[in-house]
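Single-structure report; data block below.
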Amino acid sequence: MRALICSLLLVVVAGCVYQPVGKFHRISDGQPADANPTILAAFMQDKAICDGEAAKAGLVSNEPDRYTHSRNINLVYDGCLAQRGYVRR
């Protein structure tokens, strides 16, 4: 019973991690990243690269506050995608 309560508490706390909302669009023409298969393929490749950059940022971060830690990682992720021509709306 104690393990069940701890597991449920862990799930509730994990749900509190900051997750930005929005959909990525190309900066050049404003089209959604999933507008057609060609754009989606390029976006998925750029997304994979930026996932790696965000993971590296998470490994070197020593921010004790989870909210701030997650926000900073998301800023790295969004910045990486912005450099590659995408913006979250």
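All values derive from a computational prediction rather than experimental measurement.
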Nearest 0.5 Å, what's the [atom1]-[atom2] distance between [X] and [Y]?
X     : Y     : atom1 : atom2 : result
Gln31 : Tyr86 : CD    : OH    : 10.5 Å
Cys80 : Lys56 : SG    : NZ    : 9.0 Å
Met44 : Leu40 : CE    : CG    : 6.0 Å
Leu75 : Asn72 : CG    : CG    : 6.0 Å
Leu81 : Arg88 : CG    : CZ    : 8.0 Å
Ile73 : Glu53 : CD1   : CD    : 12.5 Å

Check: [Y] and [X] side chains under 4.5 Å, non-hydrogen atoms:
X     : Y     : answer
Tyr77 : Asp51 : yes
Asp29 : Arg26 : yes
Phe24 : Asp78 : yes

Minimum-distance pair of heavy atoms, taken over all atoms of Asn36 and Thr38: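 Scanning both residues, the minimum pair turns out to be OD1-N, 3.0 Å.
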Can you name the closest pair of heavy atoms from His69 and Gly58 and give their distance?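 Answer, listing the atom of His69 first, then Gly58: CE1-O, 3.6 Å.
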So, Ser70 side chain and Arg66 main chain: donor-acceptor pair closer than 3.5 Å or not?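 Yes, Ser70 side chain to Arg66 backbone: donor-acceptor pair under 3.5 Å.
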Salt bridge (charged side-chain N to carboxylate O under 4.0 Å, His left out) pairs, two or more places apart, involving residues 30-44: Lys23-Asp34
Crowding at CD, Glu63 (>12 non-hydrogen neighbours, <6.0 Å):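 Enclosed: over 12 neighbouring heavy atoms sit under 6.0 Å from CD of Glu63.
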